[in-house]
Amino acid sequence: MANDLYERIYAVVQRIPEGKVATYGQIAEMVGAPRAARQVGYAMAALGRGRPRPDVPWHRVVNARGESSIGGEQIRRLLDEGVAFDANGRINLKRHGWHDYEESGLFG
DNA sequence: GGCCTGACCTCAA
DNA sequence: GTTGAGGCCAGGC
C-alpha cells in the first residue's frame, strides 16, 4: 500500500537530527522512490491536514534548493533550531544539510 | 466516479 | 540561470 510509503517517509523525517535539514528528493530516495519526491511533499502536507504528527519534524524538510516551500512557521522553527538562512533566503545545505544518514547506520 | 491541484525532483535544451 | 516535460500519489470538488 502507499500508506507504507508514508510511514517510511515519516520514519526517515524522524531520523533528521536537530539543526539539520533534508530535501524531498533525498528522503524520496531513502524510502526507495527517487522520482517520487512529490509524494514526500504530499505526505508532509497530510501531516497538517487531518493527521497530526507532532513526532515528525516536517519543518526539517526543504526542497532541493534548500528553501522553505511553505515558509512561515517552518522557517521560524528552523531558526529556533539554529538553522541559518543566507542572503538568498536559502539554507546552506553544505552546513545544515543532512548528509550523515549514511554514517548513522540507517540505510547505509 | 472523473478531473484538477498540490509543502517536489530530475533531465534536457 | 531559465524553461519545458516526465514521473509519482493523495485529497478536494
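Letters A, B, ... mirror the listed sequences (proteins, then strands); counts begin at 1. Just so it is clear, the model here is predicted, and its values are computed rather than measured.
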Quick one: pull up OH in Y10(A) and CE in M44(A) and give me the separation to the nearest 0.5 Å. 6.0 Å

Gap in Å between the two P atoms, one belonging to dG7(C) and one to dA7(B), rounded: 22 Å

Can you tell me which residue pairs pass the salt bridge (Lys or Arg N to Asp or Glu O under 4.0 Å) test with a partner in residues 79-88 of chain A, sequence neighbours excluded? R60(A)-E81(A)

Atom pairs and distances, side-chain donor-acceptor, residues 65-72 of chain A, under 3.5 Å, sequence neighbours left out:
none

Measuring from H96(A):NE2 to I16(A):CD1, what's the distance to the nearest 0.5 Å? 14.0 Å

Determine the Euclidean distance between corresponding P atoms of dT10(B) and dG1(C); express it in Å to zero decimal places. 16 Å

With a cut-off of 3.5 Å and sequence neighbours excluded, list every side-chain donor-acceptor pair involving residues 22-34 of chain A.
| unit_1 | atom_1 | unit_2 | atom_2 | d |
| --- | --- | --- | --- | --- |
| T23(A) | OG1 | Q26(A) | N | 3.2 |
| Q26(A) | NE2 | W98(A) | O | 2.5 |

Listed partners of D55(A) passing side chain to side chain contact (heavy atoms under 4.5 Å, CB included), at least two apart: Q14(A), R53(A)

Between I9(A) and Q39(A) the two heavy atoms that sit nearest each other are CD1-O, 4.2 Å

Scan nucleotides 3-8 of chain B nucleotide by nucleotide, 5' to 3', and note B when protein non-hydrogen atoms come under 4.0 Å of the base, S if they reach only the sugar-phosphate, - if neither. ---BBB

Only Watson-Crick and G-U wobble pairs, only distances under 3.5 Å, only runs of 3 or more: what stems does that leave for DNA chain C? B:2-6 with C:9-13, B:8-13 with C:2-7

Whole-Å distance separating the CZ atom of R65(A) from the C1' atom of dT10(B): 13 Å

Counting only heavy atoms and a strict 4.0 angstrom limit, can you tell me which residues of residues 86-95 of chain A come near DNA chain B? none

Residues in salt bridge (Lys or Arg N to Asp or Glu O under 4.0 Å) contact with R77(A), at least two apart in sequence or another chain: E73(A)

What distance separates R95(A) CZ from L93(A) CG, expressed to the nearest 0.5 Å? 12.5 Å

Working to the nearest 0.5 angstrom, can you tell me the gap between H59(A) NE2 and L79(A) CG? 11.0 Å

